[in-house]
Amino acid sequence: MATPEELAQLVQQEHTGEISALEEAAIAALLAGTGVQFERLIRRTLTAWTVAFGSPDALAASGAALNRLMASVRSAVRRIVGDLGKRAVAALTEVLPSIAQAAARQGAQFVVAASGRPFRQPPARVPSSVPTSAAAMADAVDEQVSRSLAALKTRTVRRWSDVLTGIGIARSATSAVERHVATAVTEVVNDTLQMTVRMVGGMRLWIAEADACVTCSAYSGLLADAGASFPGGLSWDPSRRNDGADRIDLPPVHPRCRCRVLPWLPRWSAGEVPLPLHLQRQARSNIARGHARPSESRAARVRAAAELLRSGVDLPPDVRAAAQRAVRSRRFAAA
């Protein structure tokens with residue numbers, strides 16, 4: 001029977017890392033060269049604009065030169081991302097069975113490690129809802145490309161900055177694809193893991209990443225009865241909390257969320273601190289010390305640390321002191 005520290009390491013590092021690698025490889029293959037192509041398009045278009053109109057700041061005169069330039073830019077955008085939605089659906093269709101297979105194996109590995117007993121791996125399957133969400137992703141990407149092409153029509157462009165804006169709209173379609181793929185991956189992982197939950201019975205345990213955001217940190221270590229959902233709207237940052245939010249059945253709770261829900265039985269506790277409590281303490285320590293995701297602001301983390309202190313939860317002296325220093329100084333000590 002593994003210790004709570006070993007179980008957390010297994011899920012948060014090994015299992016999450018394996019799924020992340022599969023996801024990132026699929027995205028990298030899908031978007032290979034796209035960023036470089038957009039950079040070349042921007043440089044080429046800037047040069048053409050300067051030659052045609054005198055400088056990047058010059059207003060464009062209506063006429064053949066502008067028509068030719070914008071037709072060329074729209075053609076390049078279609079070539080780079082015109083079929084991105086269709087290719088993204090194909091990439092998802094290819095990678096998700098591998099994701100489901102890995103998640104089924106990981107769920108069984110967790111049960112074996114937590115219980116110290118053999119456990120039969122459940123079958124892996126991709127949820128029936130995936131084609132619908134994949135089609136929605138393709139529609140969203142196509143809409144983004146259409147917006148870009150509309151912004152790059154001759155009648156809407158007068159400055160180089162207008163061209164850059166139109167290209168930027170097209171480029172943001174790649175970020176939309178990344179978000180959709182990451183969301184689909186987390187949904188498939190958790191849908192697959194629920195087969196393990198049903199086989200084991202007991203309770204459902206929410207496990208966030210070791211360096212989770214202020215929202216996911218509020219969920220890490222929470223338990224729900226089998227068939228029950230988790231409270232919605234939780235966050236250690238009061239500005240993100242929503243007490244009236246609907247309850248949540250499974251992650252993800254936000255784009256690129258890598259939380260997962262696994263089975264838990266009280267008899268699996270090895271040592272004085274069970275895994276759910278270990279995860280809660282880990283999350284609180286991270287909040288107190290300001291361990292932030294790249295997408296999070298320092299202000300959000302300071303607000304979370306202040307809320308942690310106000311909550312009255314039991315904190316080790318060093319963790320409480322770290323949070324108090326951060327709240328007083330409005331910043332966290334360097335790691």
I'd like to check the side chain to side chain contact (heavy atoms under 4.5 Å, CB included) partners of [X]; sequence neighbours left out, ordered by chain and number.
{"X": "D162", "result": "V157, R158, R159"}
{"X": "P131", "result": "none"}
{"X": "A26", "result": "V95"}
{"X": "Q121", "result": "Q101, A104, R105, A108"}

Flag if over 12 foreign heavy atoms under 6.0 Å of CZ, R298
no
Near E39 CD, under 6.0 Å, is it more than 12 heavy atoms from other residues, nucleotides or ligands?
yes
State yes or no: do [X] and [Y] share one hydrophobic cluster built from I, L, V, M, F, W and Y residues joined by side-chain heavy-atom distances below 4.5 Å, directly or via other members?
{"X": "M70", "Y": "I169", "answer": "no"}
{"X": "L250", "Y": "L223", "answer": "no"}
{"X": "V185", "Y": "L31", "answer": "yes"}
{"X": "V73", "Y": "L66", "answer": "yes"}
{"X": "L152", "Y": "L41", "answer": "yes"}

[X] vs [Y] side-chain heavy atoms within contact, under 4.5 Å:
{"X": "P56", "Y": "L46", "answer": "yes"}
{"X": "W264", "Y": "L275", "answer": "yes"}
{"X": "V145", "Y": "S148", "answer": "no"}
{"X": "D318", "Y": "R289", "answer": "yes"}
{"X": "I99", "Y": "V189", "answer": "yes"}
{"X": "L92", "Y": "E94", "answer": "no"}

Main chain of [Y], side chain of [X]: is a donor-acceptor contact present, judged purely on distance under 3.5 Å?
{"X": "T186", "Y": "T183", "result": "no"}
{"X": "Q194", "Y": "N190", "result": "yes"}
{"X": "T45", "Y": "I42", "result": "no"}
{"X": "S285", "Y": "Q282", "result": "no"}
{"X": "T16", "Y": "Q13", "result": "no"}
{"X": "S329", "Y": "R325", "result": "yes"}
{"X": "R241", "Y": "S235", "result": "yes"}

Would you check, one step at a time, whether the test side chain to side chain donor-acceptor pair (under 3.5 Å) holds for S75 with R79?
CA-CA 6 Å; S75 177; R79 185 177 65 255; 4.5 Å; no
Let me confirm one number: the [atom1]-[atom2] distance from [X] to [Y], rounded to the nearest 0.5 Å.
{"X": "E143", "Y": "D139", "atom1": "CD", "atom2": "CG", "result": "9.0 Å"}
{"X": "S217", "Y": "E209", "atom1": "OG", "atom2": "CD", "result": "9.5 Å"}
{"X": "D225", "Y": "M203", "atom1": "CG", "atom2": "CE", "result": "4.5 Å"}
{"X": "R301", "Y": "D237", "atom1": "CZ", "atom2": "CG", "result": "9.5 Å"}
{"X": "S229", "Y": "D249", "atom1": "OG", "atom2": "CG", "result": "6.5 Å"}
{"X": "E14", "Y": "E6", "atom1": "CD", "atom2": "CD", "result": "10.0 Å"}

Pairing of R284 and D314 as salt bridge, 4.0 angstrom limit:
no
Should R240 and E307 count as an ion pair when the cut-off is N to O under 4.0 Å?
no
Got a sec, which pairs hit salt bridge (Lys or Arg N to Asp or Glu O under 4.0 Å) with one end in residues 176-202, sequence neighbours left out?
R125-D191, E178-R256
What pairs meet the salt bridge (Lys or Arg N to Asp or Glu O under 4.0 Å) rule with one or both residues in residues 42-66, with sequence neighbours excluded?
none
Donor-acceptor pair between Q37 and R40 side chains, under 3.5 angstrom:
no
Scan side-chain atoms only and decide if Q12 and R258 contain a donor-acceptor pair under the 3.5 Å cut-off.
no
Within residues 79-138 or reaching into it, pairs that qualify as ring pair (Phe, Tyr, Trp, His ring centres under 6.0 Å) - sequence neighbours excluded
none
If a pair satisfies ring pair (Phe, Tyr, Trp, His ring centres under 6.0 Å) and one of its residues is in residues 170-214, list it, with sequence neighbours excluded.
W206-Y219, W206-F230
Among residues at least two apart in sequence or on other chains, which ones pass side chain to side chain donor-acceptor pair (under 3.5 Å) with R281?
none
For S115, give me all partners under side chain to side chain donor-acceptor pair (under 3.5 Å), at least two apart in sequence or on another chain.
none
What heavy-atom pair brings C257 and P251 nearest, and what distance separates the two atoms?
SG-CB, 4.2 Å
Got a sec, which hydrophobics cluster with L315, joining ILVMFWY side chains under 4.5 Å apart, including via others?
V214, W236, I287, L308, L309, V313, V319, V327
Linking Ile, Leu, Val, Met, Phe, Trp and Tyr by side-chain heavy atoms under 4.5 Å, what else ends up with L59?
none
Test S220 against Q280 for side chain to side chain donor-acceptor pair (under 3.5 Å), laying out the working first.
CA-CA 6 Å; S220 198; Q280 293 171 23; over 6 Å; no
